[in-house]
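The next block holds one structure in the form of structure tokens; read it before the comments.
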Amino acid sequence: MLLVPQLREHLSEIKAHLSKKNFKDLSLLDDVLTYDDERKSLKTKLDGLNQQINEISKKVGQAIKTEDLSTAELLKTQSNSLKEEISLLNAASKANEEKMESLLAQIPNIPSAKVPEGMTPEDNQVIVQVGNRPNFDFEALPHWDLAKKYKIFDLELGVKLTGAGFPVFTGKGAVLQRALQRYFLDFNIKKDYYEVIPPLMVNRESAFATGQLPDKEGQMYYTQDEFYLIPTAEVPVTNIYRDTILRKEDLPIKLTAFSQCFRREAGSYGKDVRGLNRVHQFDKVEIVHISHPHNSYNELEQMKDHVAELLASLGLEYRVLLLCGGDMSFASAMTYDLEVYSAAQEKWLEVSSVSNFETYQANRLKVRFKNDSGKNELCHTLNGSSLALPRIMAAILENYQTPQGIRIPEVLVPYTGFEVLD
RNA sequence: GGAGUGGUGGGUGAGUGGCUGAAACCAACAGUUUGCUAAACUGUCGUACGGGAAACUGUACCGGGGGUUCGAAUCCCCCCCGCUCCGCCA
């Protein structure tokens, strides 16, 4: 959520930046400020009335002590008449704040100045493109065909066990999947990330704090115990620091976590969702930073470079996109997408998305640190995938295929124990 | 699932109606001193919002919500969560 004082101070700039995000409803911002004015004036009135009651109550106590019962009775009547006024104002102020919150929740994060203009994926800026694509002198198969040929994963079996979009990894495919998990984690740990294994279900508060609720409720699986299955490890991991005040020296906090991720992805069908391109349950290794506001964009660059290095180490051709305003997510201030080229599908697959949320999440999370003047200040939060497994798996299968089997990238061989998947 | 017990500031923990926004201790921070990777002493030390240029000041908050009362951390009701024992299971 945006911060109202910022909104007040930089209204016209914020409006200008938001239109870059294709956000049309700019009058919402003015409405928020109107509600905020009302909030303040109600608060002032209420505080004054409460003060009066407090003073009267003290006098009642004294009067009773000195056995001046008639004064006490008189004061009680005064207090009672104030109470009616207070309960009216209380109701008004509650309604006011709820309305203001709900408006505020509809306003997306402000894109950073560096975010390019644009509405569609075509407007994203390609920052770098690295690596070579394989030249096949045979007919290259998409990964869903390779999966059948080499028994790597089985989607039909998943349908039997659960439903569409729940792949069952089998044999060497399962080993490769496990190798990827471990390799990614080890790579992150070498770069000073601290590993956690979070719960796969979270409560309502956690889902709200990172912004999954209320807007994306339909995207999450929900259990009878009122827990949400996590759509990404970002949710539990970032929530570790919910409602905390950190010391400046603690920053940045760099965490990594492997988890299964669960997404309902309602209403998506067709070619883009074949094979592992889009599934309901998948594996992902996530990185999360809690950062000092002055350093967060530095850290965004580091995270982006970190993921790029990881992709390069797998020998995959990749490119880095700086997303344009219109293609960014609601809560992000700036996002890099990393994509690998799938030679057999002949298209780019998004395998990581690295974002700086600035204070947008931190405001809900209440993650703060003591700044130099001793005041509590919101941290910035960032996160990214490092990496999402299914599409990496797809890209490895497709790009490393030979007529004899799938070659395993060198860095993974110590983890798989075999060099060719056949 | 059954029974019991409890939720207070960064932590431990006192507090059963006004003198309690909250003792004490620990941690943290600042300073003094003896000078040596430490100890002792002194001081500071919750959060949010409002008013104010500021010093400062007001209000709210003792798991959450409601109620009783002039006045609630303290009494009543509902809900949530933790812990212990039993049961079940890995």
Side-chain angles (χ1 to χ4, degrees), chain A residues 1-9 32-101 103-104 197-209 213-214 222-228 236 239-251 253 260 290 359 361-379:
Chain A
M1 267 190 301
L2 291 181
L3 300 159
V4 178
Q6 268 182 21
L7 217 60
R8 193 172 285 285
E9 207 173 334
V32 166
L33 291 185
T34 308
Y35 279 105
D36 192 50
D37 288 335
E38 197 186 332
R39 192 195 111 248
K40 285 183 183 177
S41 94
L42 284 169
K43 166 89 174 152
T44 306
K45 280 184 206 157
L46 260 172
D47 283 0
L49 292 173
N50 279 323
Q51 185 180 7
Q52 286 182 51
I53 289 223
N54 287 338
E55 279 164 9
I56 291 172
S57 298
K58 270 182 196 152
K59 286 185 196 155
V60 172
Q62 287 160 8
I64 289 174
K65 242 176 218 165
T66 59
E67 296 187 4
D68 184 356
L69 295 184
S70 61
T71 306
E73 284 309 312
L74 186 71
L75 289 166
K76 284 185 192 181
T77 3
Q78 282 179 23
S79 175
N80 276 328
S81 70
L82 284 173
K83 277 205 292 188
E84 287 170 34
E85 207 175 332
I86 286 179
S87 76
L88 284 176
L89 281 175
N90 256 331
S93 118
K94 209 172 182 178
N96 173 273
E97 276 186 46
E98 272 169 22
K99 186 67 193 167
M100 187 172 119
E101 286 268 304
L103 291 183
L104 216 42
I197 302 180
L200 301 181
M201 293 189 247
V202 292
N203 57 28
R204 171 162 281 276
E205 284 163 296
S206 295
F208 178 79
L213 292 179
Y222 184 62
T223 72
Q224 59 183 352
D225 291 311
E226 302 181 322
F227 297 142
Y228 294 87
N239 267 283
I240 290 172
Y241 289 95
R242 166 155 53 87
D243 285 324
T244 56
I245 300 173
L246 298 156
R247 293 175 311 173
K248 199 183 58 181
E249 308 83 75
D250 298 332
L251 303 174
I253 289 167
Q260 269 87 27
I290 314 275
T359 58
Q361 273 186 335
N363 187 24
R364 278 196 187 176
L365 286 157
K366 303 273 176 283
V367 201
R368 292 150 294 171
F369 71 101
K370 288 248 181 253
N371 67 18
D372 290 330
S373 50
K375 286 254 161 68
N376 295 328
E377 190 178 331
L378 290 172
C379 300

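Below, read A as the first sequence line, B as the second, and so on, with proteins coming before strands; counting in each chain starts at 1. Keep in mind that what you see is a predicted model, and the values were worked out from it rather than measured.
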**OP:** Tell me, yes or no, whether the heavy-atom count around A/K370 atom NZ, taken from other residues, nucleotides or ligands under 6.0 Å, exceeds 12.
**Re:** yes

**OP:** State whether A/N54 places a side-chain N or O below 4.0 Å from either non-bridging phosphate oxygen (OP1 or OP2) of B/U59.
**Re:** yes

**OP:** Would you indicate, yes or no, if B/G66 has its OP1 or OP2 atom less than 4.0 angstrom from a side-chain nitrogen or oxygen of A/K94?
**Re:** yes

Subject >> A/R368 CZ to B/U47 C1', straight-line distance once rounded to whole Å >> reply: 7 Å

Subject >> Which residue lies more 5' along RNA chain B, comparing A/N80 with A/R247 via nearest heavy atoms >> reply: A/R247

Subject >> Euclidean distance, atom CG of residue A/D250 to atom P of B/G10 [Å, nearest integer] >> reply: 15 Å

**OP:** Under 4.0 Å between any heavy atoms, over every strand shown, what does A/K248 touch: base, sugar-phosphate, or nothing? Just pick one.
**Re:** nothing

Original post:
Taking the same atom, P, in B/G15 and in B/G31, what whole-Å distance lies between them?
Top reply: 37 Å

**OP:** For nucleotides B/A39 and B/A30, find the distance between their P atoms and express it as a whole number of Å.
**Re:** 15 Å

**OP:** Give none if B/A53 has no partner; otherwise give the nucleotide forming a Watson-Crick or G-U wobble pair with it, both distances under 3.5 Å.
**Re:** none

Original post:
If each of A/L75 and A/Q52 is mapped to the nucleotide of RNA chain B with the nearest heavy atom, which maps nearer the 5' terminus, i.e. the 5' end?
Top reply: A/Q52

Original post:
Just how far, in rounded Å, is C1' of B/G50 from CE of A/M100?
Top reply: 13 Å

Subject >> Spatial distance of atom OH (A/Y241) from atom CD1 (A/I253) [nearest 0.5 Å] >> reply: 4.0 Å

**OP:** Using the C1' atoms only, state how far B/U8 lies from B/A72, rounded to an integer number of Å.
**Re:** 14 Å

Original post:
Under a 3.5 Å cut-off for both distances, is B/C41 Watson-Crick or wobble paired, and to whom?
Top reply: B/G31

**OP:** Just call it for A/I64: base, sugar-phosphate, or nothing, with non-hydrogen atoms closer than 4.0 Å on any strand.
**Re:** base

Subject >> Whole-Å P distance, B/C76 and B/C85 >> reply: 29 Å

**OP:** Show your working on side chain to side chain contact (heavy atoms under 4.5 Å, CB included) between A/N239 and A/V202 and close with a plain yes or no.
**Re:** CA-CA 10 Å; A/N239 267 283; A/V202 292; over 6 Å; no

Original post:
What is the distance from CD1 of A/I86 to P of B/G71, rounded to the nearest Å?
Top reply: 9 Å

Subject >> A/D36 side, atom CG; A/N96 side, atom CG - distance, nearest 0.5 Å >> reply: 8.5 Å

**OP:** Using atom NZ of A/K76 as one end and atom P of B/U68 as the other, report the distance to the nearest whole Å.
**Re:** 15 Å

Original post:
So which nucleotide does B/G6 pair with, by the Watson-Crick or G-U wobble rule with both distances under 3.5 Å?
Top reply: B/C81

Subject >> Given B/G50, B/G65, B/C70, the nucleotide with the shortest approach to the side chain of A/D47 >> reply: B/G50

Original post:
Across all strands, who's sitting opposite B/C25 as a Watson-Crick or G-U wobble pair, both distances under 3.5 Å?
Top reply: B/G11

Original post:
Heavy atoms under 4.0 Å, any strand shown: does A/K370 hit a base, just sugar-phosphate, or nothing?
Top reply: sugar-phosphate

Original post:
B/G87 pairs with which nucleotide, Watson-Crick or G-U wobble, both distances below 3.5 Å?
Top reply: none

Original post:
Does a side-chain N-to-carboxylate-O contact under 4.0 Å join A/K76 and A/E73?
Top reply: yes

**OP:** Take atom C1' in B/G7 and the same atom in B/A14, then report the distance between them in whole Å.
**Re:** 15 Å

**OP:** May I ask you to say what A/K43 touches in the nucleic acid, namely base, sugar-phosphate or nothing, with a heavy-atom cut-off under 4.0 Å?
**Re:** base

Subject >> Ion pair check, A/K40 and A/D37, cut-off under 4.0 Å >> reply: no

Original post:
Within the pair A/R39 and B/G50, is there a side-chain N or O less than 4.0 Å away from OP1 or OP2?
Top reply: yes

Original post:
Taking atom P of B/G50 as reference, at what distance in whole Å does atom CG of A/N96 sit?
Top reply: 12 Å

Original post:
Whole Å only: how far is the NZ atom of A/K40 from the C1' atom of B/U59?
Top reply: 16 Å

Original post:
P atom, B/U47 versus B/G10: distance in rounded Å?
Top reply: 8 Å

Original post:
Got a second to check how far A/T244's OG1 is from A/I290's CD1, nearest 0.5 Å?
Top reply: 7.5 Å

**OP:** Quick one: look up who B/C19 pairs with, Watson-Crick or G-U, both distances under 3.5 Å, and put none if it's unpaired.
**Re:** none

Subject >> Opposite nucleotide pairing with B/A60, Watson-Crick or G-U, both atom distances under 3.5 Å >> reply: B/U47

Original post:
Is the shortest heavy-atom distance from the side chain of A/L2 to the side chain of A/V32 under 4.5 Å?
Top reply: no

Original post:
If only side-chain N and O atoms of A/N376 are considered, is one of them under 4.0 Å from the OP1 or OP2 phosphate oxygen of B/A48?
Top reply: yes

Subject >> Value in whole Å for how far the P atom of B/U59 lies from CG of A/L46 >> reply: 12 Å

Subject >> B/A54 and B/A22, which share atom name C1', separated by this distance in whole Å >> reply: 29 Å

**OP:** Give A/S79 one of three labels, base, sugar-phosphate or nothing, depending on what nucleic acid heavy atoms sit under 4.0 Å from its own.
**Re:** sugar-phosphate

**OP:** Considering only atom C1', compute the distance from B/G9 to B/C86 and round it to an integer number of Å.
**Re:** 36 Å

